Each structure stands twice: as structure tokens, then as C-alpha cells.
Amino acid sequence: MGLGGCIILIAVGAILTFATDWDMQGVDLDLVGVILMIVGLIGLTTFSSIARRRRVVVPPTTVVEDDRRREPPF
């Protein structure tokens, strides 16, 4: 699950929890929304920790050119 998927889970969970007043028999939409937000936050923290480990700083390489002129062997 990528960063976009985590944000979508959090947004859908917040919508279900705070912006709806639907009543479904046998389903608590507030609880479903909270669960989706928690799963989105867990995914977001996992994604950020994996992305932090992927960043590897490579030291710059120095290229030294040889300006000496080579004389042909006689």
C-alpha cells in the first residue's frame, strides 16, 4: 500500500466517522471509520519508515583528469 492508499483510507475513515449519520443494521459505521483511520495511520508510518531506509546518501565521486602529456616511446 502506497502513500496515496494510506491517505485514502484515512479520508474514508474520517468521512464514515464524522460526516455520515447512516444507520445500518448490524454495522457500526463509526467503528468501521475508526478502524480505517487506524489502518491508514499504521500504513503511513510503515511507508515512511521504509522510505527513510531507502534513502541512501552516496558520497560524491571526484574525477581527476591527468593533464600530463605522454610522449611516445622511442
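On a predicted model such as this, the values are computed, not experimentally measured, just so you know.
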Show me the donor-acceptor pairs within less than 3.5 Å that the side chains of residues 19-33 make with the rest of the protein, sequence neighbours left out.
residue: Thr20; atom: OG1; partner: Leu16; partner atom: O; Å: 2.8
residue: Asp28; atom: OD1; partner: Asp30; partner atom: N; Å: 3.4

Indicate every side-chain donor-acceptor pair of residues 7-15 with a distance under 3.5 Å to a residue at least two apart or in another chain.
none

Quiz: residues 38-46 side-chain donor-acceptor pairs under 3.5 angstrom, not counting sequence neighbours:
residue: Thr45; atom: OG1; partner: Leu41; partner atom: O; Å: 3.2
residue: Thr45; atom: OG1; partner: Ile42; partner atom: O; Å: 2.9
residue: Thr46; atom: OG1; partner: Ile42; partner atom: O; Å: 2.8

